Amino acid sequence: MQVKRAKREAARQLRVGGMSVRDIAKELGVSKSSVSMWVRDIELTEAQIANLKENQYRYGAQNKGARVNLEKSRIQRVAFQNAGRERAKTGSRLHLTGCMLYWAEGAKARNGIYFANSDPNMMTIFIRFLRDELGVLDSDIKLLIHCHSHDRREIERIEQYWLDLLRLQPDALSKTQIKKGSDTRKNIIQNGICSLRVYKTELTHHIYGAIQEYGGFDNPDWLF
């Protein structure tokens, strides 16, 4: 009861100061209906009313703009996925393989390709897919490694192993991450886990569209 009374008094003070019912409810963590009941007898000045109307107009315009932008982005992603679907209809074996690998092992992010594994053969196939099928430039590929060693020389060996295997330059390499618990881990992956990242919305959704075409299904969640 004391908490409710305190919030009621706080709501009234905020309303006297000209705050909107919606903002008071958000500030105090209560429902708008409760705030409306608590402050219904408080009359605002003409200046306060004008200010609330201006804020409401601005808020509505911002929300409308945000909704328009979201819809534009969604339409764009649909177009990217449709392009992927068309490519899959006449896709090469490598295109099929790369898309299926991503379906199995890739992170399903909205605006970027994230593919990680410790298998060198899988990583070399996937980077071939990026280069040969999607036309990704080496300058657009980022390499991140997770390993279990704290030894600087061993870390450098692992980094060079992946750079050589994937034919990437050192500037593609992000800071290597050391996995916790590495000192007590028994089944250590010799060359760590390698992650390839490409931050391109168009190519990400090309893959999603192609996966759906190859698999014969629709996944609306990939348009999020």
Side-chain angles (χ1 to χ4, degrees), residues 73 76-77 80-81 83-84 87-88 91-215 217 219 221-224:
S73 295
Q76 192 175 52
R77 291 193 292 273
F80 294 154
Q81 290 194 15
R87 179 69 173 279
S92 68
R93 182 175 179 181
L94 180 57
H95 188 267
L96 168 63
T97 301
C99 290
M100 293 300 100
L101 280 178
Y102 198 75
W103 186 14
E105 300 290 336
K108 309 309 183 290
R110 177 190 288 184
N111 299 316
I113 299 170
Y114 302 86
F115 186 84
N117 211 274
S118 61
D119 186 325
N121 293 318
M122 190 178 294
M123 297 306 295
T124 53
I125 289 174
F126 193 76
I127 201 167
R128 275 183 53 214
F129 163 70
L130 293 178
R131 286 171 172 145
D132 298 348
E133 295 295 331
L134 300 187
V136 177
L137 301 176
D138 285 0
S139 58
D140 291 326
I141 300 174
K142 297 302 177 185
L143 178 64
L144 177 65
I145 297 167
H146 288 79
C147 70
H148 296 282
S149 176
H150 292 275
D151 185 321
R152 185 64 248 173
R153 287 176 297 180
E154 177 63 5
I155 292 172
E156 290 175 354
R157 182 198 68 77
I158 293 172
E159 291 174 344
Q160 196 59 51
Y161 168 82
W162 288 110
L163 288 171
D164 290 344
L165 181 74
L166 302 175
R167 295 184 289 111
L168 290 170
Q169 296 300 311
D171 58 3
L173 189 64
S174 300
K175 182 174 180 171
T176 295
Q177 304 295 307
I178 311 301
K179 295 181 71 68
K180 293 181 178 180
S182 58
D183 292 333
T184 58
R185 184 181 175 94
K186 294 182 179 179
N187 298 320
I188 295 176
I189 301 173
Q190 183 180 10
N191 294 307
I193 297 173
C194 176
S195 174
L196 292 174
R197 302 183 177 191
V198 178
Y199 303 103
K200 288 186 177 292
T201 302
E202 179 178 358
L203 298 183
T204 304
H205 286 274
H206 173 104
I207 293 174
Y208 294 159
I211 290 171
Q212 292 172 84
E213 185 66 27
Y214 283 129
F217 66 92
N219 186 352
D221 289 343
W222 285 348
L223 285 171
F224 61 91

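Only heavy atoms go into these numbers, but all of them, side chains included; no hydrogens, no water, no symmetry mates. As the structure is a computational prediction, the values presented were derived from the model and not from experiment.
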Fill in: Gap between atom CD1 of Ile113 and atom OG1 of Thr204 - 0.5 Å precision
4.5 Å
Worksheet item: To the nearest 0.5 Å, what is the distance between CG (Leu94) and CZ (Phe126)?
Response: 10.0 Å
Fill in: Residue Arg93 excluded, over 12 heavy atoms near CZ under 6.0 Å
no
Worksheet item: Between Asn219 and Gln212, which heavy-atom pair has the shortest distance, and what is it?
Response: N-OE1, 2.7 Å
Worksheet item: Rounded to the nearest 0.5 Å, what separation is found between the CE atom of Met123 and the OG atom of Ser195?
Response: 7.0 Å
Worksheet, complete the sentence: CD of Glu154 to SG of Cys147, rounded to nearest 0.5 Å, is 7.5 Å
Discussion item. Holding to ring pair (Phe, Tyr, Trp, His ring centres under 6.0 Å), I want the full list of residues that pass it with Tyr114, two or more places apart in sequence or in another chain.
Written reply: Tyr199
Worksheet item: What are the two closest non-hydrogen atoms of His95 and Ala210, and how far apart are they?
Response: CE1-CB, 3.7 Å
Worksheet item: Do Ile207 and Phe129 have side chains that get closer than 4.5 Å, going by heavy atoms?
Response: yes
Worksheet item: Testing Gln76, Lys200, Gln81 for side chain to side chain donor-acceptor pair (under 3.5 Å) with His205, which one passes?
Response: Gln81
Worksheet item: If only atom types and distance count, is the side chain of Trp162 paired as donor or acceptor with the main-chain N or O of Leu173 below 3.5 Å?
Response: no
Worksheet, complete the sentence: Taking every heavy atom of Asp140 against every heavy atom of Val136, the minimum-distance pair comes out as CB-CG1, 4.1 Å
Worksheet item: Hey, mind stepping through Ile193 and Ile145 against side-chain contact (heavy atoms from CB on, under 4.5 Å) and telling me if it holds?
Response: CA-CA 6 Å; Ile193 297 173; Ile145 297 167; over 6 Å; no
Item to complete: Show your working on side-chain contact (heavy atoms from CB on, under 4.5 Å) between Gln160 and Leu163 and close with a plain yes or no.
Response: CA-CA 5 Å; Gln160 196 59 51; Leu163 288 171; 4.2 Å; yes
Worksheet item: Can a salt bridge be assigned to the pair Glu133 and Arg87 using a cut-off of 4.0 Å between side-chain N and carboxylate O?
Response: yes
Worksheet entry | Ser174 OG to Arg197 CZ distance, which is reported to the nearest 0.5 Å | 7.0 Å
Fill in: Test log, rule side-chain contact (heavy atoms from CB on, under 4.5 Å), inputs Cys194 and Leu166
CA-CA 10 Å; Cys194 176; Leu166 302 175; 3.8 Å; yes
Item to complete: Search all heavy atoms of Gly91 against all heavy atoms of Tyr214 and return the closest pair with its distance.
Response: CA-OH, 3.6 Å
Discussion item. Would Asn191 and Arg157 count as a side-chain contact (heavy atoms from CB on, under 4.5 Å) here? Give the steps.
Written reply: CA-CA 9 Å; Asn191 294 307; Arg157 182 198 68 77; 2.9 Å; yes
Response to the item:
Residues Leu165 and Pro120: closest non-hydrogen pair is CD2-CB, 3.6 Å
Worksheet item: Do Met100 and Ile211 have side chains that get closer than 4.5 Å, going by heavy atoms?
Response: yes
Worksheet item: So how far is it from Asp138 CG to Ile127 CD1, rounded to the nearest 0.5 Å?
Response: 6.5 Å
Worksheet, complete the sentence: Taken in chain and number order and not counting sequence neighbours, the residues that satisfy side chain to side chain contact (heavy atoms under 4.5 Å, CB included) with Lys108 are Tyr102, Trp103, Tyr208, Trp222
